Amino acid sequence: MPAIVVIGTQWGDEGKGKIVDHLAEKADVVVRYQGGNNAGHTVVVNGIQHKLHLLPSGILFPGCLCIIGNDVVIDPEVLLQEMNAMKERGIDVSGLRISNRAHLIMPYHRLFDALEETMKGAQKVGTTGRGIGPCYQDRAARTGIRLVSLLDKEAFSAELQANLEYKNRILSRVFGEKELDFESIFKQYCDFAEQLRPYVVDTAALLHQQMEAGKKILLEGAQATMLDLSHGTYPYVTSSNPSAGAACVGSGVGPRCLDKVIGVVKAYSTRVGAGPFPTELLDTTGDTIRETGHEYGTTTGRPRRCGWLDACVLRYARMINGIDCMALTRLDILDQLPTLKICTGYRHQGKILNEFPASLKVLGEVEPVFEEMPGWLTDISKVRTYQDLPENCRRYLDKITQTCGMRIGIVSVGPEREQTILLEKMFL
Ligand code: GDP
Ligand code: IMO
Ligand code: MG
């Protein structure tokens, strides 16, 4: 029962969707274990772009069982839209199963996401505005509504009523906003319930049956280590745990079930939203990377901040996630750059830091120590073996391996499935 976890090592958008899709060919089950429709995972197959927000990136393989786990927060309207869009493209979604323990994103969560961001002003996180944080807040406060309640009209009515009583007071008395109407939300969500009912099960039990039957399992993280609520650049993080440890809690399997952790690494760094970013490029090189790489958010369309690869971030991600090997993506985006830099350490007040700083003040003040390398100035998008990569490109990869202390298992040189160089067998 091999189980592999795929996680993001930086600030998201590393190409997790592409890597999960690549590995899903050999997997029987793909599980999304946290986050919600703040995620945007793009998978390209035969020139057609599929933008996935809630559906696991195994959905494009017919016969693959795709599970949305218990710690994913679900906006039912978005999920149904995504399922319908897939069906319209002729993609079968009958293999989808949704955890009855997953929490629902409600209209008031989206409202509070916007209101709280506005209230924070210059300190705003720059969220995706999808209601993710407020939904996880309710989950932690034990007032959230789970799918199991949505499917039981009586339970749902009582829980919605109790929530609205409280939320409406805050909406009107704190924010001076209009109160929300019970009937219209109730009716809309009951309609969603009937559409989702066939897919909702106890996914942990299902997953265990699959593992006992010897099936190959892929656990797909959304967001990334530096956006992790516990380990990321708090408070400029998301409200869940994208790191590998959460794959167990978010899907209902024990830690001893996991065989391998693959860390997806973009060949440079990007970040959407606010927060410190030591290797950020605020010059024309940053603009070149953004334009060459079309670095605009899949979910919100916002321009992504771009910077050099940061080995301090990657060493930290290795430690937090116990990464076995890296899947290095978007190497082709660097094709035209004459010189490349890798940040190998952080200097602060004249000293090289040994640990990744918890303090945002310190992280904002660090001076990255860069190693410069010549680029390869060659189109690598058609290269299919490691040996055929230009020498300078292999040097860049060797430097990453050395400075991050992780081997490279996959190199990606384009968005398409075949633009992938496999350096080691992933499933045992
Ligand atoms: P995710 O959120 O980690 O799944 O990443 P996104 O889908 O948000 O962003 C990654 C983007 O890069 C997507 O548009 C992918 O299709 C694309 N992509 C993935 N790997 C490669 C690659 O090696 N080269 C290029 N040029 N694009 C890639
Ligand atoms: P994928 O899975 C990049 C960022 C937002 C914001 C912060 C909090 O595609 O890699 P939230 O809406 O989660 O409360 O926003 O997290 N963020 C992402 N950045 N990729 C993502 O997902 C992200 N999901 C959230 O920009 O800074
Ligand atoms: Mg993304």
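Worth saying up front: this structure is predicted, and the values here are computed from it rather than measured. Atoms within each ligand, like the ligands themselves, are counted from 1 in listed order.
Ligand 2 has an N or O atom lying under 3.5 Å from an N or O atom of Asn38, backbone or side chain. The distance criterion of under 3.5 Å between nitrogen or oxygen atoms is met by Gln223 with respect to ligand 2. The shortest N or O to N or O distance between Val237 and ligand 2 is not below 3.5 Å. Inclusion of Gly129 in the set of residues having an N or O under 3.5 Å from an N or O of ligand 2 is not warranted. Taking only nitrogen or oxygen atoms, main chain and side chain alike, Asp13 reaches within less than 3.5 Å of ligand 2. The shortest N/O to N/O separation between Arg130 and ligand 2 does not fall below 3.5 Å. Taking distance alone, with nitrogen or oxygen atoms compared against 3.5 Å, Thr128 approaches ligand 2 more closely than that limit.
Between Lys87 atom NZ and Met83 atom CE the span is 5.0 Å, to the nearest 0.5 Å. Between the NZ atom in Lys399 and the OH atom in Tyr396 there is a gap of 12.0 Å [rounded to 0.5 Å].
Summarising the local packing, CD of Glu418 is surrounded by more than 12 heavy atoms from other residues, nucleotides or ligands at distances under 6.0 Å.
Salt bridge annotation for Arg302-Glu295: absent, with no cationic side-chain nitrogen under 4.0 angstrom from a carboxylate oxygen.
Ser243 and Asp228 are linked by a side-chain donor-acceptor pair at a separation below 3.5 angstrom, with hydrogens and angles left out of the test.
Closest to atom 27 (O) of ligand 2 among all protein heavy atoms lies Val272 O, 3.1 Å. Remark: minimum distance from atom 15 (O) of ligand 2 to any protein heavy atom is reached at Thr127 CA, 3.3 Å. Remark: minimum distance from atom 26 (O) of ligand 2 to any protein heavy atom is reached at Arg302 NH2, 3.0 Å. The protein heavy-atom contact nearest to atom 17 (N) of ligand 2 is Leu227 CD1, 3.8 Å.
Protein residues with a heavy atom closer than 4.0 Å to ligand 1 are Asp13, Glu14, Gly15, Lys16, Gly17, Lys18, Gly40, His41, Thr42, Val44, Thr298, Arg304, Thr329, Arg330, Asp332, Ile333, Ser412, Val413, Gly414, Pro415, listed by chain and number.
With a 6.0 Å cutoff to the six-membered ring centre and a 45° limit on the axis angle, Arg417 counts as a cation-pi contact of Phe61.
Below 30°, between 30° and 60°, or above 60°: for Phe356 and Tyr316 the angle between ring planes is below 30°, a parallel geometry.
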